[in-house]
Enquirer: 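Quick one: this structure, given as structure tokens, is what I'll be asking you about.
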Amino acid sequence: MTLRNNSVTEFILVGFSDQPLLQLLLFLFFLVIYVFTVVGNLGLITLIGLNSSLHTPMYFFLVNLSFIDFCYSCVFTPKMLNDFVSENIISYVGCMTQLFFFCFFVNSECYVLVSMAYDRYVAICNPLLYSVMMSPKVCTLLMLGSYVIGFAGAMAHTGSMLRLTFCDSNMIHHYLCEVLPLLQLSCTSTYANELVFFIVVGVVITVSSISIFISYALILSNIFRIPSAEGRSKAFGTCGSHVVAVALFFGSGAFTYLTNSLPGSMEEGRFASVFYTNVVPMLNPLIYSLRNKDVKLALHKTLKRVLF
């Protein structure tokens, strides 16, 4: 362990296994996920950018969601892949940087999903006012607000972590620098950090969940008043992809943090977080492309234009 002024200057990320064969299999597994994540999210951003028919508020938010998922996975996956084939050491500065950007993109994604729910609410419940209520200025402000709130949450987590001293152990029982595994290593009081963690996470989850719940309660109320079955089906279709994305993101995130919070369950939490951190960013582009007729049509036109 490297020490300076009684505090560690580097950490060891324990990861998943120290067996060479299993490490190789895990490297290939996460490499495939990472490639699909990068190609899927960058491909969706490019597709939306190339097709003017997709230049609407809904796809503006989707571009931001894909951008966040791409950046989010790049924060820790390259380091995780490197750890499978070399020393799994990260510097103190690198760890705090990873923690900051991890928190920033996670918090931002929560509020982007809220903005997307609001967009669907306006489109279904107030279609005549849609162009006014979802003007380019409003959309830009919603996204700016998402990033500002994400930045504030990340600063709160990282700032409180920087005040801690790590001197007993430098082995992080995780594959990335996360708040809860780091708190276990501190040799100073973590009361303030735990308070910040539960306040920030509590506010993010509460505000996001309630906002999305209210939006969809109003949407469902409006849909059930649509007289034709075709109209109801079309309205449900415009919300289906977002509902699936929200369920995956919040469901897997809640399961991960609940698992991590249980006594002696950090090992299970580490494996549970794989779905939350690696699989969900890969699935989002598939959800919005396979379940969306406009995206599939735009992809067909783009491929036809490029290939022929």
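Residues: numbered from 1 along the sequence shown.
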Enquirer: So, do His174 and Leu180 sit near enough that their side-chain heavy atoms are less than 4.5 Å apart?
Expert: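 SC-SC contact between His174 and Leu180 ruled out.
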Enquirer: Any sub-3.5 Å donor-acceptor pair from Glu10's side-chain atoms to Tyr92's backbone N or O?
Expert: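 No; judged by distance alone, with no hydrogens or angles, the pair does not exist.
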Enquirer: Got a donor-acceptor contact below 3.5 angstrom from the Asn126 side chain to the Val122 backbone?
Expert: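 No: the side chain of Asn126 does not pair with the backbone of Val122.
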Enquirer: For a ring-ring contact (aromatic ring centres under 6.0 Å, His included) check, start with the C-alpha distance between Phe105 and Phe70, then their side-chain angles and the critical distance, and finish with the verdict.
Expert: CA-CA 10 Å; Phe105 288 119; Phe70 166 72; 9.5 Å; no
Enquirer: Without hydrogens or angle criteria, can the side chains of Asp119 and Tyr130 be said to hold a donor-acceptor pair below 3.5 Å?
Expert: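 Yes, Tyr130 and Asp119 have a side-chain donor paired with an acceptor closer than 3.5 Å.
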Enquirer: Keeping His55 on the side-chain end and Gly49 on the backbone end, is there a donor-acceptor pair under 3.5 Å?
Expert: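 Checked: pair present.
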Enquirer: Between the side chains of Tyr147 and Asn64, does any donor sit under 3.5 Å from an acceptor?
Expert: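 Short answer, yes.
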Enquirer: Are more than 12 heavy atoms from other residues, nucleotides or ligands located less than 6.0 Å from atom CZ of Phe275?
Expert: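 Buried by this count: over 12 neighbours within 6.0 Å.
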Enquirer: Within this structure, what is the CD1-CD1 distance for the pair Ile90 and Ile172, rounded to the nearest 0.5 Å?
Expert: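 Nearest 0.5 Å value for the CD1-CD1 distance: 7.0 Å.
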Enquirer: Looking only at atom types and distance, does a side-chain atom of Asn51 sit under 3.5 Å from a main-chain N or O of Leu47, one as donor and one as acceptor?
Expert: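 The answer is yes, because a donor-acceptor pair under 3.5 Å joins these two groups.
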Enquirer: For residues Leu183 and Ile12: do they belong to one hydrophobic cluster (side chain heavy atoms under 4.5 Å, members Ile, Leu, Val, Met, Phe, Trp, Tyr)?
Expert: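 No, Leu183 and Ile12 fall in different hydrophobic clusters.
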Enquirer: Measure the CZ-OG1 distance between Phe30 and Thr37 for me, rounded to the nearest 0.5 Å.
Expert: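 Spacing of CZ (Phe30) from OG1 (Thr37) equals 11.0 Å.
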Enquirer: Can you say whether the rings of Tyr118 and Tyr121 are parallel (under 30°), tilted (30 to 60°) or perpendicular (over 60°)?
Expert: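 Ring orientation, 0 to 90° scale: tilted.
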Enquirer: Answer yes if Val201 and Phe213 sit in the same cluster of Ile, Leu, Val, Met, Phe, Trp and Tyr residues linked by side chain heavy atoms under 4.5 Å apart, and no otherwise.
Expert: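 Val201 and Phe213: separate clusters.
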Enquirer: More than 12 heavy atoms of other residues, nucleotides or ligands under 6.0 Å from CZ of Phe250: is that the case?
Expert: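 Yes - once you tally the heavy atoms of other residues, nucleotides and ligands closer than 6.0 Å, there are more than 12.
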Enquirer: Does Phe151 have its ring centroid less than 6.0 Å away from the ring centroid of Phe101?
Expert: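 When the ring centroids of Phe151 and Phe101 are compared, they turn out to be at least 6.0 Å apart.
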Enquirer: Using a 6.0 Å cut-off, check whether atom CZ of Phe27 has over 12 heavy atoms from anything other than its own residue.
Expert: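 Atom CZ in Phe27 is crowded, with more than 12 foreign heavy atoms closer than 6.0 Å.
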Enquirer: Enter the distance from Thr165:OG1 to Leu185:CG here, rounded to the nearest 0.5 Å.
Expert: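 Separation between the atoms: 12.5 Å.
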Enquirer: Taking Leu182's backbone N and O only, do any of them form a donor-acceptor pair with Ser186's side chain (distance below 3.5 Å, no angle check)?
Expert: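 Pair absent, no side-chain N/O of Ser186 close to backbone of Leu182.
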Enquirer: Ring centres under 6.0 Å, that's the criterion: do Phe166 and Phe11 meet it?
Expert: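 Ring centres of Phe11 and Phe166 closer than 6.0 Å.
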Enquirer: Specify whether Tyr276 and Phe249 have parallel, tilted or perpendicular ring planes, treating 30° as the upper limit for parallel and 60° as the lower limit for perpendicular.
Expert: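 Ring orientation of Tyr276 relative to Phe249: tilted.
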Enquirer: Please give me the minimum heavy-atom distance between Arg120 and Cys239, naming the atom from each residue.
Expert: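 Shortest heavy-atom contact: CB-SG, 4.2 Å.
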Enquirer: Pairing donors with acceptors under 3.5 angstrom, does anything connect the side chains of Ser273 and Tyr175?
Expert: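 On atom types as modelled, these side chains qualify, holding a pair under 3.5 Å.
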Enquirer: Do the side chains of Phe60 and Val295 join up, straight or via other hydrophobic residues, at under 4.5 Å, putting them in one cluster?
Expert: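 Looking at the clustering, Val295 is in the same group as Phe60.
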Enquirer: Working note: His242 + Phe61, criterion ring-ring contact (aromatic ring centres under 6.0 Å, His included); need CA distance, chi angles, decisive distance, verdict.
Expert: CA-CA 11 Å; His242 183 252; Phe61 295 134; 9.6 Å; no
Enquirer: Would a single hydrophobic cluster contain both Val148 and Val196, if residues Ile, Leu, Val, Met, Phe, Trp and Tyr are joined by side-chain heavy-atom contacts under 4.5 Å?
Expert: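 As far as the 4.5 Å side-chain criterion goes, Val148 and Val196 are not connected within one cluster.
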Enquirer: Determine whether a donor-acceptor pair (N or O, by modelled atom type, separation under 3.5 Å) exists between the side chain of Ser221 and the backbone of Ala217.
Expert: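 Looks like no, no N/O pair under 3.5 Å.
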Enquirer: In Å and rounded to the nearest 0.5 Å, what is the OG to CZ distance from Ser108 to Phe104?
Expert: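 One gets 4.0 Å once the value is rounded to the nearest 0.5 Å.
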Enquirer: Under a 4.5 Å cut-off applied to non-hydrogen side-chain atoms, are Tyr72 and Thr277 in contact?
Expert: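 The answer is yes, as the side chains (C-beta and beyond) meet within the 4.5 Å cut-off.
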Enquirer: Hey, are the side chains of Val207 and Tyr111 touching, using non-hydrogen atoms and a 4.5 Å cut-off?
Expert: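 Yes, their side chains come closer than 4.5 Å.
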Enquirer: How long is the gap from NE2 on His157 to CZ on Phe197, to the nearest 0.5 Å?
Expert: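 It is 6.5 Å, given to the nearest 0.5 Å.
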Enquirer: Starting at NZ of Lys79, measure out to CG of Asn88 and round the result to the nearest 0.5 Å.
Expert: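 CG of Asn88 is found 7.0 Å from NZ of Lys79.
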